[in-house]
Amino acid sequence: MTARSAPSPSTGEGRGGNNVPPAIELRGIDKRFGPVHANRAISLSVPAGTIHGVVGENGAGKSTLMSILYGYYQADAGEIWIKGRRRDIRSTADAIAAGIGMVHQHFMLVDTFTVLENVVLGVEGGPLLRRGMERARAELERLEREYKLEVDIDAVVGDLAVGLRQRIEILKALYRGAEVLILDEPTGVLTPAEADHLFRILRALKAEGKTAILITHKLREVMAVTDNVTVMRRGQVVATVRTAETSPAALAEHMVGRKVLLSVQRTPAKPGREVLRVEGLQVIDGAGIARVRDVGFAVRAGEIVGVAGVAGNGQSELIEAIAGMRAVAAGRIVLNGQEVATRATHLTPRALRDRKLAHIPEDRQRMGLVVPFAAHDSAILGQQGKPAFNIGPLLNQRGIIDSCQHQMDRYDVRPDDPHLKSANFSGGNQQKIVLAREIETDPDLLLVGQPTRGVDIGAIEFIHRRLIELRDAGKAILLVSVELDEILGLADRILVMNEGRIVGELAAEEADEQKLGLLMAGVARAA
Amino acid sequence: MGENGVLLLLMIDATVRVATPLVLAALAGLFAERSGVVDIGLEGKMLGASFAAAAVATVTGSPWLGLVAAVLVSMALSMVHAVACVTYNGNQVVSGMALNILMAGLAPTLAFAWFSQGGQTPMLGPGARFAPIVLPFAEALAPVPVLGAIYGRISGHNVLVYIAALSVPLVAFVLYRTRFGLRLRAVGENPQAVDTAGISVAGLRYRALLCNGVLCGLSGAYLSIAHGAGFVRDMTAGKGYLALAALIFGKWRPLPTLLACLLFAFTDALQARLQGAVLPGLGAIPVQAIQALPYVLTVLLLAGFVGKAMAPKAIGIPYVKER
C-alpha cells in the first residue's frame, strides 16, 4: 500500500496527465477553534478531472478543511492553490468566484422558494429579477439535459424529495460555473438507488472534466466511486492513496489508527420465548397522517430484529409507540405476555421501564441525554427514583457519581469524568453513556434507534459488540437503523419499512444490500 | 345622497385616517420580520418619530423638516435594534421592548424639558402641519354623480396618506420583483443558504432595518404633524402593536397586510360611531365595551382565523455560524 503523508502536487491520475496543475492544492492549512486544533498543517492535492475521497472519523477535521476551502472559515495559516495559482479565499463569494461549489450535508435551500429562485439566489444578474430569471431558466434547462439532473424548475423546494433537493444543490454549484464540486456526506439521506444516481451524476461530471471532492465516512462509497482517497485523523492527513490500490480494511485502519473489525463476529441466534408482539399497529402523527400502518411482528428473547428503511418511513414512530411515547391509533402491543398498549389505553414510558423495557432513542442529543447536565446526571435519567440514588427526598450525589464512574469504566467512556457536561463528550462517548444506562437496567427488551449515527468507527465496533453480547445473554433487541451495513451486520431477522408499512421480512442469511435497497425504495415486495 | 350615504362616507374617511399609520408601520415591520428580525419595537420607534416630527416642526415651522427628523430618529432607533440583534446577537424581543420603554419615557421627558408644557409639544399652526391636498379637477368633477363623490373622497387627504397608499404596491414590487426582495425573503427563511450563496446576512438585515426605519418614521410623523397637531404623551396608544398584529394577520405579505390594516381601522371607526348607541333589547352599551371592540377583534382574528401563520422560518433567531 502506498501511503504518503504529503503527496506531491504532480500526483495525478486525471485526464490532464502530469503537465496540468492540480485542480486544488492545499499547503500547510492550519486552523484552531479555541483549544481545539481542528486542522494541523494539512497538505492535499486533488488532480483535475478526478473524484477524490476524503474520509475520517467525526471530528477528524474533514468538514473544517472543506469549509476553509469554501471560504466559510478562514485558515490561521497555509495556502490554497487553484489550477496552479495561489488564491486568497476570504469568503464564500471568493470561493464561488474561484470555481468552487459545495453541496452541504444539510441543504442550503430556501424551502418556500422555487427551484429557479434557489438557484439564482446570489447570482441574480441585476437589481431587477425578471431578465436574470429568464436567462437562468434557459441555462438551467441546458445543465439539466447535459448532466441528467432532471428537476422541475418551477416546483417549490419544500415539496420535493431529498434526492431531488440534492440535485438542486448540484445545479446551484454548476450554474455558478463550479469546476470543483465538494460534496459533504452526500448519501446520508439517500436511498441506495438515489445514491447510485448521484454517483452516475458524479461520473458524468468527471467525464466533462470537472473535479469532485467527496467527504464521507462510508468506505463502500469511497471504493465505488473515487480515484484517490485522503484519510484524515485528529486534524491531520495520515494517508493519500489510489483507491484501486487500497481496501476498506486498510482505510479503516488509517482512520482509527489501529486494526478495526468492520463487522462483529457472531454466532447464529438461539431465539427463545416471545418478548414483544405487535399486532395491526397504527400510529397517527400530530398532523393526522398515518405514520405506521397495520404493522405486526414479534421479537423473541435472544434475537436481534432489525428494522431497515429510508429515514422518515415510520420507523421512528414505530419505536416511539412501543416505548410508550406515542399513542396507538389501532392494534395492540404485548410485552412479556401482557397487553401494554391499545387504542383505549397505553402504559407510560415509566411503567414500561418497570416491566423491563429499555430504550436507546434515535436522537440522543434531544431524547437520550440532557446535554447541559453533568454526565452523572444524564446517566440516571429515568432511574432517578431508584433507592440507590436517593437519600430520603434528596439525591444521593455520592452514589450517583460512583455509579456513573463505574459505568464509564465498564463502557470505556472517554474522558471518564462524571462531572463533565454531557455536551462535551463526542458522539460516540455520549452514546456509550446512554448505552450503559439502558443496558445496566437489565432489560428483557431493548429498543435501539440509530445506535451509531454520528459515532466513530472505533466506538461503532464497541457498541455493536455490546449489542451482540446482550443478545447472547438472552435479551430481545429491536434495532432501527438507516445504515444497511449495521442492519446486515447485527440483525438476525430484518423487517423493511416503506411508507409506514412492513414491505418485507428477510432472514439474515438471505438478505443482501440489493434486496433490501429495492424493498426500501418500495419497488419490490417480499412474500 | 341620503343620511346613510353621508354616514358611509364619514366612516370611509375615518377608516383611511386610522389606517394610514397602521399601513406604514406594518410595512416597516414587514421589512424587519421578512429579514428574520422580530420587530416588537414598532411602537417605540413610532413614538420617537412622532415626537421628533412635532418638535422640529414646532421650532422650524416646516412639516417637511419635521418629517425628515422623524425618519432620521426612527432610522437611528432601528440601527440600535440592528446593532443589538444583528451584530451582537441579542434577544430581539428584549431589544424591541427596550426601545418601547425607552421612548415612552424619553419622548415626554424631552418634551417637558424643551417646551415646558407637561410632556407635550405646543399646538402646531396650520403652516407647520401637512394640509389636505386637493387633487386636480376635484372641484370640477364634484357635480358628476357617483364619480364625483368617489373622486372627492380620494382627494383632500394629506401627503402621507398618499404615500402610505403608494407604499403598498412599491413594497410588493421590491419584495417580489427585485434582487433585494429575493434575498430579503431568503434571509428570513434560511440565513445559512444566503451566507453560503456568498451574500452577507448581517448586511441584508441592516439594509432591511434601514427600510424599516424610514417607513416607521413616516408613520410616526403622520400621527403628530399630519393627523394631529403636536405630540402628546403616549400618542401611539398601541398602534405599533396593532400594526404588528395586522402584519401577522396579513401573513407577512403586503396586500393582505393592507387589508388587515383597513379592517382594524374600520372597526376603530365603527367603535367611534357606535359610542352611545342604543341596541334594541340590550339598552345602551357601555362605552368601554365598544372601545374594546378593535382589540377584541384583534385577539379573535389572531387566535382563530389566521390559520397556519406562515412566519418567516428564521424569525427571532440570531444568525451565528456553527461552532
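Order of the sequence lines sets the chain letters (A, B, ...), proteins ahead of strands, with each chain counted from 1.
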Salt bridge or not for [X] and [Y], using N-O below 4.0 Å?
{"X": "A:D363", "Y": "A:R453", "answer": "no"}
{"X": "A:E134", "Y": "A:R131", "answer": "no"}
{"X": "A:D285", "Y": "A:R291", "answer": "yes"}

Practice task
Could you tell me whether the side chain of A:L181 reaches within less than 4.5 Å of the side chain of A:K210, counting heavy atoms only?
Solution key: no

Given B:I199, B:V194, B:T196, the one with more heavy-atom pairs under 4.5 angstrom with chain A than any other is B:T196

Interface check, chain A: of B:R183, B:R185, B:E189, most non-hydrogen pairs under 4.5 Å belong to B:R183

Indicate, with yes or no, if the rings of A:F33 and A:Y73 have centres closer together than 6.0 Å. yes

Exercise for the section: Could you walk me through whether A:T114 and A:D154 pass the side-chain hydrogen bond (donor to acceptor under 3.5 Å, both in side chains) test, one step at a time? Expected result: CA-CA 5 Å; A:T114 64; A:D154 296 306; 5.3 Å; no

Cut-off 4.5 Å, heavy atoms of chain A, and the answer for B:L182 is both

Honestly, the part of B:F173 sitting under 4.5 Å from a heavy atom of chain A is side chain

If one checks every heavy atom of A:Y70 against chain B at 4.5 Å, the contacting part turns out to be side chain

Taking a cut-off of under 4.5 angstrom between non-hydrogen atoms, the residues of residues 86-101 of chain A near chain B are A:T92, A:A93, A:I96

- Do you see a donor-acceptor pair shorter than 3.5 Å between the side chains of B:N190 and A:D111? no

Check your understanding: Does a donor on one side chain sit under 3.5 Å from an acceptor on the other, for A:N39 and A:T64?
Key -> no

Using a cut-off of 6.0 Å, state whether more than 12 heavy atoms not belonging to B:R177 lie near its atom CZ. no

Residue pairs meeting ring-ring contact (aromatic ring centres under 6.0 Å, His included), one or both in residues 73-96 of chain B, sequence neighbours left out, come to none

Heavy atoms only, distances under 4.5 angstrom: which of [options] has the most pairs with chain B? Name it, please.
{"options": "A:L121, A:V110, A:L128, A:V123", "answer": "A:L121"}
{"options": "A:G125, A:G122, A:G132", "answer": "A:G122"}
{"options": "A:E117, A:R130, A:M102", "answer": "A:E117"}

